[in-house]
Amino acid sequence: MTIDLHALSIKNLALDLHDDGVLVATLNRPAKRNALNAETVEELVTLFSAVPRAGVRAVVLAAEGDHFCAGLDLVEHHREDRSPAEFMHLCLRWHEAFNKMEYGGVPIIAALKGAVVGGGLELASSAHIRVADARTYFALPEGQRGLFTGGGATIRVAGLVGKARMIDMMLTGRVYQGQEAVDVGLAQHLVEGSSFDRALDLARRAAQNLPLTNFAICSAISHLGNMSALDASYAEAVVAGVVNTQPAARERLDAFAKGTAARVRPTQ
Ligand code: 1HE
(Lines give C-alpha, C1' and ligand atoms only; values in the text may rest on other atoms or scores of the structure.)
Protein backbone atom coordinates (compact mmCIF):
# COMPACT_ATOMS: atom_id res chain seq x y z
CA MET A 1 0.00 0.00 0.00
CA THR A 2 1.35 3.43 -0.90
CA ILE A 3 1.29 6.00 1.89
CA ASP A 4 -0.18 9.45 1.18
CA LEU A 5 2.37 11.86 2.62
CA HIS A 6 -0.09 14.72 2.71
CA ALA A 7 -2.33 12.72 5.04
CA LEU A 8 0.45 12.65 7.66
CA SER A 9 0.15 14.96 10.63
CA ILE A 10 3.16 17.22 9.97
CA LYS A 11 3.26 20.97 10.51
CA ASN A 12 6.91 21.87 11.16
CA LEU A 13 7.96 20.70 7.70
CA ALA A 14 6.38 21.74 4.40
CA LEU A 15 6.05 18.84 1.96
CA ASP A 16 5.95 19.05 -1.82
CA LEU A 17 6.00 15.79 -3.80
CA HIS A 18 6.89 16.39 -7.45
CA ASP A 19 5.64 14.26 -10.36
CA ASP A 20 9.12 12.73 -10.84
CA GLY A 21 9.05 11.33 -7.29
CA VAL A 22 11.30 14.00 -5.76
CA LEU A 23 9.98 15.09 -2.38
CA VAL A 24 10.99 18.53 -1.16
CA ALA A 25 10.72 18.55 2.64
CA THR A 26 11.35 22.01 4.08
CA LEU A 27 12.06 22.70 7.75
CA ASN A 28 9.53 25.37 8.54
CA ARG A 29 10.33 27.13 11.82
CA PRO A 30 12.44 30.01 10.46
CA ALA A 31 11.51 32.30 13.36
CA LYS A 32 13.32 29.80 15.62
CA ARG A 33 16.09 29.19 13.09
CA ASN A 34 14.57 25.73 12.51
CA ALA A 35 15.67 24.58 15.96
CA LEU A 36 14.53 21.01 16.59
CA ASN A 37 11.85 20.88 19.26
CA ALA A 38 10.44 17.53 20.37
CA GLU A 39 7.44 17.91 18.05
CA THR A 40 9.62 18.41 14.97
CA VAL A 41 11.68 15.34 15.87
CA GLU A 42 8.47 13.28 16.07
CA GLU A 43 7.47 14.64 12.67
CA LEU A 44 10.83 13.62 11.22
CA VAL A 45 10.23 10.11 12.56
CA THR A 46 6.75 10.08 11.00
CA LEU A 47 7.95 11.44 7.68
CA PHE A 48 11.01 9.26 7.21
CA SER A 49 9.13 6.14 8.35
CA ALA A 50 6.67 6.80 5.53
CA VAL A 51 9.05 7.96 2.77
CA PRO A 52 10.26 4.47 1.66
CA ARG A 53 6.62 3.39 1.14
CA ALA A 54 5.27 6.59 -0.39
CA GLY A 55 6.59 6.36 -3.93
CA VAL A 56 9.37 8.85 -3.15
CA ARG A 57 12.47 8.39 -5.33
CA ALA A 58 14.64 11.07 -3.70
CA VAL A 59 14.28 13.76 -1.06
CA VAL A 60 15.58 17.31 -0.89
CA LEU A 61 15.80 18.33 2.77
CA ALA A 62 15.64 22.11 2.70
CA ALA A 63 15.01 24.91 5.16
CA GLU A 64 12.91 28.07 5.27
CA GLY A 65 14.76 31.26 6.27
CA ASP A 66 18.46 32.10 6.39
CA HIS A 67 19.61 29.12 8.47
CA PHE A 68 19.35 25.38 7.87
CA CYS A 69 19.03 24.37 11.52
CA ALA A 70 20.16 25.74 14.91
CA GLY A 71 20.11 22.30 16.54
CA LEU A 72 18.36 21.31 19.74
CA ASP A 73 15.59 23.71 20.77
CA LEU A 74 17.52 25.15 23.69
CA VAL A 75 14.60 27.25 24.92
CA GLU A 76 12.29 24.23 25.09
CA HIS A 77 15.07 22.22 26.73
CA HIS A 78 15.56 24.95 29.33
CA ARG A 79 11.82 25.32 29.92
CA GLU A 80 11.14 21.59 30.24
CA ASP A 81 13.94 21.14 32.81
CA ARG A 82 14.22 17.49 31.72
CA SER A 83 15.43 14.64 33.87
CA PRO A 84 18.36 12.51 32.62
CA ALA A 85 15.92 9.74 31.68
CA GLU A 86 13.63 12.17 29.82
CA PHE A 87 16.50 13.57 27.81
CA MET A 88 17.83 10.09 27.06
CA HIS A 89 14.43 9.12 25.69
CA LEU A 90 14.30 12.32 23.63
CA CYS A 91 17.73 11.50 22.18
CA LEU A 92 16.47 8.03 21.28
CA ARG A 93 13.72 9.71 19.23
CA TRP A 94 16.36 11.80 17.44
CA HIS A 95 18.17 8.54 16.68
CA GLU A 96 14.95 6.96 15.47
CA ALA A 97 14.44 9.83 13.02
CA PHE A 98 18.04 10.01 11.83
CA ASN A 99 18.40 6.23 11.49
CA LYS A 100 15.22 6.18 9.39
CA MET A 101 16.91 8.76 7.17
CA GLU A 102 20.32 7.13 6.85
CA TYR A 103 19.10 3.53 6.54
CA GLY A 104 15.77 4.15 4.77
CA GLY A 105 17.07 3.42 1.28
CA VAL A 106 15.79 6.64 -0.33
CA PRO A 107 18.44 9.24 -1.28
CA ILE A 108 18.26 12.39 0.85
CA ILE A 109 20.08 15.50 -0.35
CA ALA A 110 20.44 18.29 2.22
CA ALA A 111 20.30 21.84 0.85
CA LEU A 112 22.33 23.73 3.44
CA LYS A 113 22.57 27.43 4.21
CA GLY A 114 23.58 29.62 7.14
CA ALA A 115 23.98 27.80 10.43
CA VAL A 116 24.28 24.02 10.35
CA VAL A 117 25.14 23.67 14.00
CA GLY A 118 24.83 21.23 16.86
CA GLY A 119 21.83 19.02 16.27
CA GLY A 120 21.43 20.77 12.91
CA LEU A 121 24.72 19.22 11.84
CA GLU A 122 23.54 15.88 13.23
CA LEU A 123 20.45 16.21 11.04
CA ALA A 124 22.50 17.18 7.98
CA SER A 125 24.93 14.32 8.54
CA SER A 126 22.01 11.86 8.37
CA ALA A 127 21.40 12.89 4.75
CA HIS A 128 23.27 11.07 1.99
CA ILE A 129 24.63 14.17 0.23
CA ARG A 130 25.20 17.66 1.67
CA VAL A 131 25.24 20.75 -0.55
CA ALA A 132 26.60 23.98 0.98
CA ASP A 133 26.42 27.52 -0.33
CA ALA A 134 28.92 30.34 0.22
CA ARG A 135 27.31 31.37 3.55
CA THR A 136 26.87 27.91 5.05
CA TYR A 137 28.83 27.23 8.21
CA PHE A 138 29.23 24.16 10.39
CA ALA A 139 29.89 23.95 14.12
CA LEU A 140 29.27 21.89 17.25
CA PRO A 141 28.66 24.54 19.91
CA GLU A 142 27.53 22.00 22.50
CA GLY A 143 30.91 22.20 24.20
CA GLN A 144 30.47 25.92 24.86
CA ARG A 145 26.82 25.54 25.95
CA GLY A 146 27.59 23.04 28.71
CA LEU A 147 26.08 20.23 26.66
CA PHE A 148 27.11 17.20 24.67
CA THR A 149 25.93 15.84 21.35
CA GLY A 150 22.96 13.48 21.62
CA GLY A 151 21.70 13.08 18.07
CA GLY A 152 24.41 10.88 16.61
CA ALA A 153 27.27 13.32 16.00
CA THR A 154 29.74 10.99 17.70
CA ILE A 155 28.88 8.48 14.98
CA ARG A 156 28.02 10.50 11.87
CA VAL A 157 30.01 13.73 12.27
CA ALA A 158 33.03 11.79 13.47
CA GLY A 159 32.45 9.52 10.48
CA LEU A 160 32.53 12.50 8.12
CA VAL A 161 35.44 14.49 9.55
CA GLY A 162 37.25 12.02 11.81
CA LYS A 163 37.48 11.86 15.59
CA ALA A 164 40.25 14.43 16.02
CA ARG A 165 38.45 17.17 14.05
CA MET A 166 35.18 16.54 15.89
CA ILE A 167 36.93 16.84 19.25
CA ASP A 168 38.58 20.08 18.10
CA MET A 169 35.19 21.44 16.95
CA MET A 170 33.62 20.66 20.32
CA LEU A 171 36.47 21.78 22.56
CA THR A 172 37.19 25.05 20.77
CA GLY A 173 33.99 25.97 18.94
CA ARG A 174 35.83 25.80 15.64
CA VAL A 175 33.67 26.76 12.65
CA TYR A 176 34.13 25.30 9.16
CA GLN A 177 32.84 26.94 5.99
CA GLY A 178 33.51 27.22 2.28
CA GLN A 179 36.04 24.99 0.54
CA GLU A 180 37.55 23.95 3.87
CA ALA A 181 34.19 22.41 4.87
CA VAL A 182 34.26 20.38 1.68
CA ASP A 183 37.89 19.42 2.17
CA VAL A 184 37.24 18.01 5.65
CA GLY A 185 34.15 16.12 4.43
CA LEU A 186 31.30 18.11 5.98
CA ALA A 187 29.83 18.94 2.56
CA GLN A 188 30.18 17.14 -0.75
CA HIS A 189 29.18 20.09 -2.95
CA LEU A 190 29.86 23.82 -2.62
CA VAL A 191 27.91 26.17 -4.87
CA GLU A 192 28.21 29.87 -5.59
CA GLY A 193 24.47 30.21 -6.09
CA SER A 194 21.57 28.41 -4.45
CA SER A 195 22.23 25.15 -2.60
CA PHE A 196 18.56 24.33 -3.07
CA ASP A 197 18.82 24.45 -6.87
CA ARG A 198 21.86 22.16 -6.86
CA ALA A 199 20.26 19.78 -4.34
CA LEU A 200 17.14 19.56 -6.48
CA ASP A 201 19.26 18.88 -9.55
CA LEU A 202 21.14 16.11 -7.71
CA ALA A 203 17.89 14.64 -6.36
CA ARG A 204 16.38 14.56 -9.86
CA ARG A 205 19.48 12.82 -11.13
CA ALA A 206 19.44 10.24 -8.31
CA ALA A 207 15.69 9.69 -8.87
CA GLN A 208 16.49 8.33 -12.33
CA ASN A 209 18.42 5.41 -10.84
CA LEU A 210 16.48 2.22 -10.23
CA PRO A 211 14.84 2.33 -6.77
CA LEU A 212 16.38 -0.99 -5.71
CA THR A 213 19.85 0.28 -6.64
CA ASN A 214 19.25 3.46 -4.64
CA PHE A 215 17.97 1.35 -1.78
CA ALA A 216 21.28 -0.51 -1.70
CA ILE A 217 23.34 2.68 -1.97
CA CYS A 218 21.35 4.43 0.76
CA SER A 219 21.08 1.59 3.24
CA ALA A 220 23.59 -1.18 2.48
CA ILE A 221 26.68 1.05 2.53
CA SER A 222 25.78 2.21 6.04
CA HIS A 223 24.82 -1.25 7.27
CA LEU A 224 27.93 -2.85 5.78
CA GLY A 225 30.06 -0.18 7.43
CA ASN A 226 28.81 -1.40 10.81
CA MET A 227 30.03 -4.97 10.16
CA SER A 228 33.38 -6.69 10.27
CA ALA A 229 35.15 -6.71 6.88
CA LEU A 230 34.51 -10.44 6.63
CA ASP A 231 30.77 -10.15 7.26
CA ALA A 232 30.51 -6.99 5.15
CA SER A 233 32.08 -8.66 2.12
CA TYR A 234 29.66 -11.59 2.48
CA ALA A 235 26.65 -9.27 2.86
CA GLU A 236 27.82 -7.10 -0.05
CA ALA A 237 27.83 -10.17 -2.28
CA VAL A 238 24.28 -11.00 -1.16
CA VAL A 239 23.06 -7.45 -1.84
CA ALA A 240 24.78 -7.45 -5.23
CA GLY A 241 23.20 -10.81 -5.99
CA VAL A 242 19.76 -9.26 -5.59
CA VAL A 243 20.41 -5.81 -7.05
CA ASN A 244 22.61 -6.76 -10.00
CA THR A 245 20.13 -9.31 -11.32
CA GLN A 246 16.98 -7.19 -10.94
CA PRO A 247 14.78 -7.47 -14.03
CA ALA A 248 14.47 -3.68 -14.25
CA ALA A 249 18.24 -3.44 -14.94
CA ARG A 250 18.05 -5.59 -18.07
CA GLU A 251 16.97 -2.69 -20.28
CA ARG A 252 19.96 -0.60 -19.11
CA LEU A 253 22.40 -3.46 -19.62
CA ASP A 254 20.87 -4.15 -23.02
CA ALA A 255 21.44 -0.52 -24.02
CA PHE A 256 25.06 -0.74 -22.93
CA ALA A 257 25.59 -3.98 -24.84
CA LYS A 258 24.11 -2.38 -27.97
CA GLY A 259 26.31 0.70 -27.57
CA THR A 260 23.42 3.12 -27.06
CA ALA A 261 23.94 3.83 -23.35
CA ALA A 262 25.90 6.89 -22.23
CA ARG A 263 29.59 6.22 -21.65
CA VAL A 264 31.43 7.44 -18.57
CA ARG A 265 33.61 10.43 -19.59
CA PRO A 266 35.60 13.01 -17.68
CA THR A 267 33.66 16.27 -17.17
CA GLN A 268 36.36 18.43 -18.84
C1 1HE B 1 16.55 29.13 19.06
C2 1HE B 1 17.70 28.39 18.75
C3 1HE B 1 17.85 27.13 19.38
C4 1HE B 1 17.80 30.23 17.66
N5 1HE B 1 16.87 26.74 20.22
N6 1HE B 1 15.62 28.69 19.88
N7 1HE B 1 22.91 25.14 18.85
C8 1HE B 1 23.28 26.39 19.15
O9 1HE B 1 23.96 26.59 20.13
C10 1HE B 1 22.83 27.45 18.19
C11 1HE B 1 22.00 28.50 18.89
N12 1HE B 1 21.56 29.56 17.96
C13 1HE B 1 22.40 30.51 17.48
O14 1HE B 1 23.61 30.49 17.69
C15 1HE B 1 21.80 31.58 16.63
O16 1HE B 1 20.42 31.65 16.96
C17 1HE B 1 21.92 31.36 15.11
C18 1HE B 1 23.36 31.56 14.70
C19 1HE B 1 21.44 29.97 14.68
C20 1HE B 1 21.03 32.39 14.38
O21 1HE B 1 21.36 33.70 14.83
P22 1HE B 1 20.34 34.90 14.57
O23 1HE B 1 21.01 36.16 15.04
O24 1HE B 1 19.84 34.86 13.17
O25 1HE B 1 19.03 34.58 15.46
P26 1HE B 1 18.82 34.76 17.02
O27 1HE B 1 18.42 36.18 17.31
O28 1HE B 1 19.90 34.19 17.84
O29 1HE B 1 17.53 33.84 17.26
C30 1HE B 1 16.29 34.12 16.62
C31 1HE B 1 15.24 33.34 17.35
O32 1HE B 1 15.50 31.93 17.17
C33 1HE B 1 15.24 33.56 18.84
O34 1HE B 1 13.92 33.39 19.29
P35 1HE B 1 13.01 34.66 19.74
O36 1HE B 1 11.70 34.03 20.16
O37 1HE B 1 13.75 35.33 20.84
O38 1HE B 1 12.89 35.50 18.51
C39 1HE B 1 16.10 32.45 19.37
O40 1HE B 1 15.81 32.11 20.71
C41 1HE B 1 15.64 31.32 18.44
N42 1HE B 1 16.65 30.26 18.36
N43 1HE B 1 18.47 29.10 17.89
C44 1HE B 1 15.80 27.50 20.44
N45 1HE B 1 18.89 26.34 19.15
C46 1HE B 1 20.31 16.07 20.78
S47 1HE B 1 21.50 17.02 21.47
C48 1HE B 1 21.80 18.32 20.37
C49 1HE B 1 22.60 19.37 21.04
C50 1HE B 1 22.44 20.71 20.38
O51 1HE B 1 21.95 20.83 19.30
S52 1HE B 1 22.94 22.06 21.29
C53 1HE B 1 22.32 23.42 20.35
C54 1HE B 1 23.41 23.97 19.54
Side-chain angles (χ1 to χ4, degrees), residues 1-6 8 15-25 44 47-62 97-111 124-131 156 159-160 185 187-189 191 195-268:
M1 196 189 85
T2 306
I3 295 176
D4 177 8
L5 290 176
H6 295 292
L8 300 175
L15 303 181
D16 183 12
L17 181 56
H18 297 186
D19 289 342
D20 58 4
V22 172
L23 171 69
V24 177
L44 287 167
L47 175 62
F48 286 103
S49 300
V51 155
R53 290 168 294 139
V56 176
R57 295 186 69 130
V59 179
V60 174
L61 182 61
F98 295 172
N99 288 338
K100 291 269 185 261
M101 292 171 63
E102 181 180 351
Y103 294 90
V106 178
I108 302 170
I109 325 294
S125 65
S126 308
H128 301 100
I129 302 177
R130 282 151 292 281
V131 183
R156 294 192 185 86
L160 290 174
Q188 285 61 55
H189 297 258
V191 295
S195 58
F196 178 82
D197 289 350
R198 175 68 68 85
L200 185 60
D201 181 48
L202 295 172
R204 285 182 175 146
R205 226 184 289 174
Q208 289 167 26
N209 299 336
L210 294 177
L212 191 61
T213 300
N214 278 344
F215 178 80
I217 296 167
C218 296
S219 69
I221 293 173
S222 289
H223 277 294
L224 298 177
N226 297 333
M227 298 178 191
S228 69
L230 188 68
D231 289 337
S233 55
Y234 176 79
E236 187 196 62
V238 175
V239 173
V242 175
V243 173
N244 295 9
T245 58
Q246 60 181 314
R250 286 207 63 79
E251 210 178 296
R252 294 174 185 226
L253 293 170
D254 197 43
F256 183 82
K258 289 185 174 135
T260 56
R263 262 43 184 172
V264 182
R265 306 281 187 222
T267 46
Q268 311 266 1

* Asked: Is there a donor-acceptor contact under 3.5 Å from the side chain of S233 to the main chain of L230?
  -> yes
* Minimum heavy-atom separation for F196 to A62, with atom names? -> CD1-CB, 3.8 Å
* To do: Taking all heavy atoms of V60 and all of A203, pick out the closest pair and write down the distance.
  => CG2-CB, 3.6 Å
* Asked: Does the Q246 side chain pair with the main chain of V243, one donor and one acceptor, at a distance under 3.5 Å?
  -> yes
* Structure fact -> Minimal heavy-atom distance between I221 and I217, with the atoms involved, is CD1-O, 3.5 Å
* Under the 3.5 angstrom rule, does the side chain of R57 hit a backbone N or O of N209 as a donor-acceptor pair? -> yes
* To do: Could you tell me the separation between the CZ atom of R252 and the OG1 atom of T213, rounded to the nearest 0.5 Å?
  => 7.0 Å
* Structure fact -> Here the gap from L253 atom CG to K258 atom NZ, rounded to the nearest 0.5 Å, amounts to 11.5 Å
* Is a side-chain donor or acceptor of D20 paired with a backbone partner of R204 at a separation under 3.5 angstrom? -> no
* Asked: Heavy-atom distance under 4.5 Å between the side chains of L47 and L15, does that happen here?
  -> yes
* N/O donor-acceptor pair under 3.5 Å between R53 side chain and S49 backbone -> yes
* Structure fact -> When rounded to the nearest 0.5 Å, the distance separating CG of L23 from CD1 of I108 is 9.5 Å
* Smallest separation among heavy atoms of G55 and T2, with atom names -> N-CG2, 4.2 Å
* May I ask you to test the L160-R156 pair for a side-chain heavy-atom distance under 4.5 Å? => no
* To do: Could you go through the side chain to side chain contact (heavy atoms under 4.5 Å, CB included) check for H189 and I109 one step at a time?
  => CA-CA 11 Å; H189 297 258; I109 325 294; over 6 Å; no
* Backbone of A261 reached by a side-chain donor or acceptor of R263 within 3.5 Å -> yes
* Do other residues, nucleotides or ligands put more than 12 heavy atoms under 6.0 Å from E236 CD? -> no
* **Euclidean distance, H128 NE2 relative to S219 OG, rounded to 0.5 Å** => 8.0 Å
* To do: Apply side chain to side chain contact (heavy atoms under 4.5 Å, CB included) to the pair M101 and L61, showing each step before the final yes or no.
  => CA-CA 11 Å; M101 292 171 63; L61 182 61; 3.9 Å; yes
* Are the side chain of Q188 and the backbone of R130 linked by a donor-acceptor contact shorter than 3.5 Å? -> yes
* Could you state the interatomic distance from CE (M227) to OG (S222), rounded to the nearest 0.5 Å? -> 11.0 Å
* Straight-line distance of N226 CG to Y103 OH, nearest 0.5 Å -> 4.0 Å
* For I3 and A54, which heavy atoms make the closest approach, and how far apart are they? -> O-CB, 3.5 Å
* Asked: Looking at S195 and V131, what are the two nearest heavy atoms and their distance?
  -> CB-O, 3.7 Å
